[in-house]
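I have placed the structure first, in the form of structure tokens, so that the comments after it can refer back to it.
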Amino acid sequence: MSKKNLVITSITLTSIVLGLIISLGVLGPIPLTSIRPLGLFYALFMANRNITIEVFPLIVNPGNFWAASTEAITAILWDYRGLDTLFETSVFFFAIIGSIALFRFTEKEEHEIRKKTHENHASEGKYLGLSLITKTITKIILFTIIVVSAAIALHGQLTPGGGFQGGSAFAVAPLLAIAALSRFYLDDIGFKKNTMLLLRTMGLLIIALLAIIPVVAGIGSWQAYIMQNQPKEWAIIQLFPPKGLGVLLGSLVYYNIAELLAVGAGFTIIFILLSIPEEFYKKIIEKEGVEHG
Amino acid sequence: MIPILHLSLISIVLTLGMVFAYLAISERDLLKAIVYSAGQAAMYVIAFYLLMAPDIVLAYAAVGVGVYSAVMIIAVKKTERYEKP
């Protein structure tokens, strides 16, 4: 028996024994298999149900705190804990600004590397990317990935999913394109670095505007809320249509679309920058060093 | 009543995840190690799904299997494929 098989067998045995011990309740109580109380609490508030009186006698649901979302995670992320998510998105935004500043090039230099790569491949008798069959299949898959990611984000307030999930699913598309079709294909279909930069800035701006609009509209009245989702009966500013008209009418869906733009475009920029050979950046930085002494 | 099938599926999937993690650590060919790591992420995706966390599934599948492996492959491409003993 080789060492590898021995280790794998011992891992399996340990996990079986540990599983038995835990399921017998030796290490402590077994977690609930029904809906947990906190989850039930949020689910009730989300759906604006008034049966809290039966389940939680001490908590009264006045019907004013509902998020108009059947998806608890999205409601918590963008309504109850909206500011947390806003700052989280900002952190991601600034992290990518750092890498853009590190890997910098102009459009002229980008054109140069394109020409040089094509020349190199032509001299070696090779073509860019994988075989024709792979390329065709990849193009079809690219389309489906983008559609699925849009569906994840746009249905975020109804079914599991949301802006970040949709954005990170979207990011797989440019990755596949770089691997199978070369990075120049991304340029050709419009996934340019500057376009992506514009899209993600737009995403964060939309989030910021949506958060601030109710406050700006309510200046002087002291009755407006930052990141207001559903109308409050005691607030003068009723930004989004009143409840009862449907679950789409809150601000959650717009936040999800903006987050999809910010995350998807941000990841795409990273992959575009990483796919450029290092010698290229070294040359640019050396040139800058000579120019600035 | 504890749903035995559900719990045993979770334990099988997590054990497989642990085996994949061991293989990823012990493998000297780094490209293979990345594939094992992606396998471990896939097992965790199934475990999260069984634990009724569909939002985590969506984010973890894209980041753990797709983005993470790709970034690691780029790193291997820019350095060396085989780990020195």
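Order of the sequence lines sets the chain letters (A, B, ...), proteins ahead of strands, with each chain counted from 1. Note that the coordinates shown come from a computational prediction; the quantities given were computed from them, not determined experimentally.
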Under a 4.5 Å heavy-atom cut-off, does chain A meet the side chain of B/Leu14, its backbone, both or neither? neither

Separation between CD1 of A/Ile11 and CG of B/Leu16, rounded to the nearest 0.5 Å: 11.0 Å

So how far is it from A/Ile8 CD1 to B/Leu23 CG, rounded to the nearest 0.5 Å? 4.5 Å

Mind checking what makes side-chain contact (heavy atoms from CB on, under 4.5 Å) contact with A/Val26, not counting sequence neighbours? A/Ile21, A/Leu24

For residues A/Ser15 and B/Thr15, report the shortest heavy-atom separation together with the two atoms involved. OG-OG1, 2.7 Å

Run the ring pair (Phe, Tyr, Trp, His ring centres under 6.0 Å) test against A/Tyr185 and tell me which residues pass, sequence neighbours left out. none

Please round to the nearest 0.5 Å and tell me the distance separating atom CD1 of A/Ile16 and atom OG of B/Ser11. 8.0 Å

Taking only heavy atoms into account, what residues of residues 56-79 of chain B are found under 4.5 Å from chain A? B/Leu58, B/Ala59, B/Ala62, B/Val63, B/Gly66, B/Val67, B/Ala70, B/Val71, B/Ile74, B/Lys78

Sort A/Phe170 into side chain, backbone, both or neither according to what part of it lies under 4.5 angstrom from a heavy atom of chain B. neither

Pair listing, salt bridge (charged side-chain N to carboxylate O under 4.0 Å, His left out) test, anchored in residues 25-53 of chain B, at least two apart: B/Arg28-B/Glu83, B/Asp29-B/Arg81

For B/Tyr49, I'd like to know if atom OH has over 12 heavy atoms of other residues, nucleotides or ligands within 6.0 Å. no

Please classify the contact of A/Leu175 with chain B as side chain, backbone, both or neither, using a heavy-atom distance under 4.5 Å. side chain

Picking from A/Ser168, A/Ser275, A/Gly162, A/Ala169, which has the most non-hydrogen pairs under 4.5 angstrom with chain B? A/Ser168

